[in-house]
Asker: 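This is the structure, below, for whatever I ask next.
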Amino acid sequence: MAAATDRYTSPLSERYASRQMQYIFSQDKKFRTWRKLWIALAETEMELGLTGESGEPVITQEMIDELKAHAEEINYDVAVQREKEVRHDVMSHVYAYGKQCPKAAGIIHLGATSCYVGDNTDLILMTEALLLVRTKLINVIHELARFADKYKELPTLAFTHFQPAQPTTVGKRASLWLQEFLMDLEDTDYVLSTIKLLGSKGTTGTQASFQELFQGDQDKIDRIDPMIAKKMGYEYCYPVSGQTYSRKVDTRVANILAGIAASAHKMSNDIRLLQHLKEIEEPFEKNQIGSSAMAYKRNPMRSERIASLSRYVMIDALNPAVTSAVQWFERTLDDSANKRLSIPEAFLAVDGILDLCLNVVDGLVVYDKVITKHMMAELPFMATENIMMDAVKKGGSRQELHERIRQLSMEAGENVKKRGMDNNLLELIAADPAFHLSLEELQEGMDPAKYVGRAPLQVEKFLKEVVNPVLEKNKDVLGVKAEINV
């Protein structure tokens with residue numbers, strides 16, 4: 001018990017990220033991938049006919065079989081003890097693997113440098129993590145699309161500068177959130193399509209070790225990287241490198257995650273503001289406690305957590321950018337400690353963010369009567385242009401009526417703000433003989449649906465022409481449900 005409570009543990013693992021994402025960046029996944037890479041390298045060297053000075057094969061199928069037999073069994077105790085002695089993680093695991101595979105011990109890591117396993121593994125893990133992010137992102141898009149379609153015709157006050165503006169619909173507002181997540185998906189797909197493996201290029205990227213091993217046979221050396229890539233499930237390796245793959249790859253990936261975080265933050269802020277207005281509310285469970293002091297409270301804690309984690313990811317994206325910029329020549333090691341933190345934790349945080357987004361959007365509660373009440377309190381101001389046109393049709397002067405509406409609007413505004421009255425602009429206009437309009441005629445024009453413009457049609461077209469084709473193309477990954485730990 002003490003071991004679990006007497007030291008720091010990351011909230012990203014304890015509270016926010018899913019088991020799936022945690023496994024991708026686990027020790028088991030990392031070191032099993034190292035071993036798969038060592039097997040891929042050894043197989044490639046064997047298949048290319050690597051021979052010793054006397055012409056006999058350096059690597060045999062028996063060695064490969066032995067390596068494969070122990071690929072999943074990481075003997076951590078041996079590796080940990082060895083690292084204490086040699087202070088080198090890769091060589092410690094080469095040693096530990098060799099203890100399990102005595103016949104193959106001498107050919108493990110042959111011709112490679114540490115970045116062969118370290119960097120290729122990082123690229124593989126980032127690819128798998130991006131694919132998981134992509135799956136969850138598509139499911140967020142799916143839930144938002146359903147919400148936007150359901151509420152595409154429900155009029156609501158729009159806000160500019162958080163001041164009441166011309167009406168929109170609840171579904172149209174959701175389509176704005178949706179569009180930003182679609183942009184993130186486009187970026188994710190692009191970056192995924194560009195990720196390649198490092199391959200095995202040696203200590204400064206020149207493949208000098210393979211020049212020696214294969215006695216200058218350029219054809220065989222040219223085939224090493226493509227063969228390794230294929231065995232690891234990739235099409236290509238980066239054509240040139242120093243000892244490492246360009247850290248600009250990490251920057252690209254981190255920017256994707258920061259973009260998703262920004263989209264989620266924007267949506268969560270809007271939901272928090274709408275919850276304050278009592279128009280829309282995030283899920284609130286039967287036994288959930290909103291405040292330790294104020295028992296009546298229903299705080300938007302999920303949306304607040306989205307915003308909190310999102311800020312972390314957006315700031316964290318600076319780490320890979322700076323690391324990329326300060327790499328010296330063919331290799332420095334000031335990236336290593338930073339990468340161990342910045343990349344996995346960005347993924348863990350975005351994983352938690354997307355789970356929260358799924359949970360929130362799936363359970364959003366819409367209070368249409370409150371929405372209508374707020375709308376009707378402001379609608380007379382927004383209907384003044386139509387009112388003015390109707391009065392002109394009855395013989396009034398557009399310029400004179402414009403001035404009268406300006407004066408009456410200010411009077412009605414003062415009644416609301418200074419006297420706490422309801423908006424009585426319609427009554428003031430009806431009482432003004434310049435308009436020749438009765439209160440009944442004015443009230444007939446107070447249908448909010450008349451003032452939302454093309455919002456419902458825009459949502460329909462957006463879903464039909466843009467969103468639904470994406471969802472249809474990715475229907476095999478739909479159906480993800482999020483579990484929120486706390």
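The chain is numbered in sequence order, starting from 1. Quick caveat, the model's predicted, so the values are computed rather than measured.
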Asker: Side-chain donor-acceptor pair under 3.5 Å between N269 and R272, yes or no?
Answerer: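 On atom types as modelled, these side chains qualify, holding a pair under 3.5 Å.
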
Asker: Are the side chains of I271 and W177 in touch, meaning some heavy atoms are under 4.5 Å apart?
Answerer: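 They are in side-chain contact.
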
Asker: Give the C-alpha distance, both sets of side-chain angles, the deciding distance and a yes or no for salt bridge (Lys or Arg N to Asp or Glu O under 4.0 Å) between E143 and K481.
Answerer: CA-CA 10 Å; E143 291 296 339; K481 296 294 181 183; 3.6 Å; yes

Asker: Determine whether Q243 and D119 make a side-chain contact, defined as any pair of heavy atoms from C-beta on separated by less than 4.5 Å.
Answerer: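 No, their side chains stay 4.5 Å or more apart.
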
Asker: With the side chain counted from C-beta on, respond yes when T323 and T251 share a heavy-atom pair under 4.5 Å apart, and no when they do not.
Answerer: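 No, side chains not in contact.
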
Asker: Can any side-chain N or O of S175 pair as donor or acceptor with the backbone N or O of K172 at less than 3.5 Å?
Answerer: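 It does hold such a pair.
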
Asker: Could you check whether any side-chain N or O of S193 sits under 3.5 Å from a backbone N or O of Y190, counting only pairs where one atom can act as donor and the other as acceptor?
Answerer: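 Yes, the answer is positive, given that a donor and an acceptor are paired below the 3.5 Å cut-off.
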
Asker: Check whether any side-chain N or O of T169 sits under 3.5 Å from a backbone N or O of K152 as a donor-acceptor pair, and report yes or no.
Answerer: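 Side chain of T169 to backbone of K152: a pair is present.
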
Asker: Heavy-atom distance under 4.5 Å between the side chains of V470 and V466, does that happen here?
Answerer: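 The answer is no, as the side chains (C-beta and beyond) never meet within the 4.5 Å cut-off.
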
Asker: Can you find a heavy atom in the side chain of V366 that is under 4.5 Å from one in the side chain of K150?
Answerer: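 The answer is no; the side chains never approach within 4.5 Å.
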
Asker: Over all heavy atoms of both residues, which pair between D225 and S200 is shortest? Give the atoms and the distance, please.
Answerer: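 Closest pair (atom of D225, atom of S200, distance): OD1-N, 2.8 Å.
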
Asker: Can you see which heavy atom on K196 is nearest to which on Y238, and at what distance?
Answerer: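 Scanning both residues completely, I find the closest heavy atoms to be O-CE1, 3.1 Å.
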
Asker: Should we say atom OH of Y236 is surrounded by more than 12 heavy atoms from elsewhere, each under 6.0 Å from it?
Answerer: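 No, the 6.0 Å shell around OH holds no more than 12 heavy atoms from other groups.
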
Asker: Does a side-chain N-to-carboxylate-O contact under 4.0 Å join R146 and D149?
Answerer: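 Here R146 does not pair with D149 in a salt bridge, since their nearest N and O are not under 4.0 Å apart.
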
Asker: Table please: side-chain donor-acceptor pairs of residues 435-443 below 3.5 Å, with sequence neighbours left out.
Answerer:
residue, atom, partner, partner atom, Å
S438, OG, E441, N, 3.1
S438, OG, E441, OE1, 3.3
E441, OE1, S438, N, 2.8

Asker: Do M382 and L157 pass the side-chain contact (heavy atoms from CB on, under 4.5 Å) test, and can you show the C-alpha distance, the side-chain angles, and the key distance before you say yes or no?
Answerer: CA-CA 10 Å; M382 297 167 192; L157 273 179; 3.3 Å; yes

Asker: Checking T121 side chain against G118 main chain: does a donor-acceptor pair fall under 3.5 Å?
Answerer: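 No.
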
Asker: How close do S114 and H88 get, heavy atom to heavy atom, and via which atoms?
Answerer: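 Where S114 meets H88 most closely, the heavy atoms are OG-CE1, 3.0 Å.
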
Asker: Below 3.5 Å, can you tabulate the donor-acceptor pairs from side chains in residues 336-355 to any protein atom, sequence neighbours excluded?
Answerer:
residue, atom, partner, partner atom, Å
N338, OD1, S342, OG, 3.2
N338, ND2, N319, OD1, 3.0
K339, NZ, D122, OD2, 3.3
K339, NZ, Y245, OH, 2.8
K339, NZ, D250, OD2, 2.9
R340, NH2, D89, OD2, 3.3
S342, OG, N338, O, 2.9
E345, OE1, Y312, OH, 2.7
D351, OD1, S18, OG, 3.4
D351, OD1, K136, NZ, 2.7
D351, OD2, S18, N, 2.6
D351, OD2, S18, OG, 2.8
D355, OD1, K136, NZ, 3.0
D355, OD2, K136, NZ, 3.2

Asker: Show the nearest heavy-atom pair for residues N415 and L428, with the distance to one decimal.
Answerer: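 So the minimum-distance heavy-atom pair works out to ND2-CD1, 4.5 Å.
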
Asker: Side chains of D28 and S26: do they bring a donor and an acceptor to under 3.5 Å?
Answerer: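 Judged by distance alone, the side chains do not pair up.
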
Asker: Tell me whether F162 at atom CZ has more than 12 heavy atoms from other residues, nucleotides or ligands lying less than 6.0 Å away.
Answerer: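 Check passes, neighbour count above 12.
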
Asker: Go through D270 and R173 one step at a time and tell me if the salt bridge (Lys or Arg N to Asp or Glu O under 4.0 Å) criterion holds.
Answerer: CA-CA 9 Å; D270 285 354; R173 178 176 286 143; 5.6 Å; no

Asker: Provide the closest heavy-atom pair for A40 versus M232 in the form atom of the first, atom of the second, distance.
Answerer: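 Closest approach of A40 to M232, heavy atoms only: CB-SD, 4.0 Å.
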
Asker: Do other residues, nucleotides or ligands put more than 12 heavy atoms under 6.0 Å from the CD atom of Q27?
Answerer: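 Enclosed: over 12 neighbouring heavy atoms sit under 6.0 Å from CD of Q27.
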
Asker: Of all heavy-atom pairs between P300 and E282, which one has the smallest distance, and what is that distance?
Answerer: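 Closest approach of P300 to E282: C-OE2, 3.2 Å.
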
Asker: Does M410 have more than 12 heavy atoms from other residues, nucleotides or ligands lying within 6.0 Å of its CE?
Answerer: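 12 or below, so no.
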
Asker: Can you find a heavy atom in the side chain of I260 that is under 4.5 Å from one in the side chain of D187?
Answerer: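 No, too far: nothing below the 4.5 Å cut-off.
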
Asker: Inspect the surroundings of OH in Y23 and state if more than 12 heavy atoms from other residues, nucleotides or ligands are less than 6.0 Å away.
Answerer: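 For Y23, atom OH is crowded (more than 12 foreign heavy atoms under 6.0 Å).
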
Asker: Within a radius of less than 6.0 Å around CZ of R19, do more than 12 heavy atoms belonging to other residues, nucleotides or ligands occur?
Answerer: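 No, not enclosed.
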
Asker: Run the side-chain contact (heavy atoms from CB on, under 4.5 Å) test on K36 and E72 for me, step by step, so that the C-alpha distance in whole Å, both residues' side-chain angles and the decisive distance to 0.1 Å come before the verdict.
Answerer: CA-CA 9 Å; K36 289 176 183 176; E72 303 290 319; 3.9 Å; yes

Asker: Quick one: does any side-chain atom of T194 pair with a main-chain N or O of V191 as donor and acceptor, under 3.5 Å?
Answerer: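 Between the backbone of V191 and the side chain of T194 there is a qualifying donor-acceptor contact (under 3.5 Å).
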
Asker: Is it true that K394 and D390 make a salt bridge, defined as a side-chain N closer than 4.0 Å to a carboxylate O?
Answerer: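 Between D390 and K394 there is no salt bridge, as every charged N stays at least 4.0 Å from the carboxylate O atoms.
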
Asker: Check whether any side-chain heavy atom of N386 sits under 4.5 Å from a side-chain heavy atom of Y451, and report yes or no.
Answerer: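 Touching, per the 4.5 Å side-chain cut-off.
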
Asker: Do the ring planes of W34 and H93 sit parallel (below 30°), tilted (30 to 60°) or perpendicular (above 60°)?
Answerer: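 Rings of W34 and H93: perpendicular, over 60°.
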
Asker: Any idea how Y151 and F147 line up, ring-wise: parallel (<30°), tilted (30 to 60°), or perpendicular (>60°)?
Answerer: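 Plane angle between 30° and 60°, so tilted.
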
Asker: State whether the number of non-hydrogen atoms from other residues, nucleotides or ligands found under 6.0 Å of D422 atom CG is greater than 12.
Answerer: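 Atom CG in D422 is not crowded, with 12 or fewer foreign heavy atoms closer than 6.0 Å.
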
Asker: Considering residues, nucleotides and ligands other than M183, do more than 12 of their heavy atoms fall under 6.0 Å from its CE?
Answerer: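 Incorrect, the count does not exceed 12.
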
Asker: Considering only heavy atoms from C-beta outward, does the side chain of M267 approach that of C357 to under 4.5 Å?
Answerer: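 They are in contact (side-chain heavy atoms under 4.5 Å apart), so the answer is yes.
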
Asker: Look at E460 together with R454 and state whether they make a salt bridge at an N to O cut-off of under 4.0 Å.
Answerer: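 Looking at R454 together with E460, the answer is no, because their closest N to O distance does not fall below 4.0 Å.
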
Asker: Would you kindly say whether E403 and Q407 are connected by a side-chain donor-acceptor distance under 3.5 Å?
Answerer: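 Distance-only check passes for E403 and Q407.
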
Asker: Is the side chain of N120 donor-acceptor paired with the backbone N or O of G199 at a distance under 3.5 Å, no angle test?
Answerer: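 Yes, because the side chain of N120 sits within donor-acceptor range (under 3.5 Å) of the backbone of G199.
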
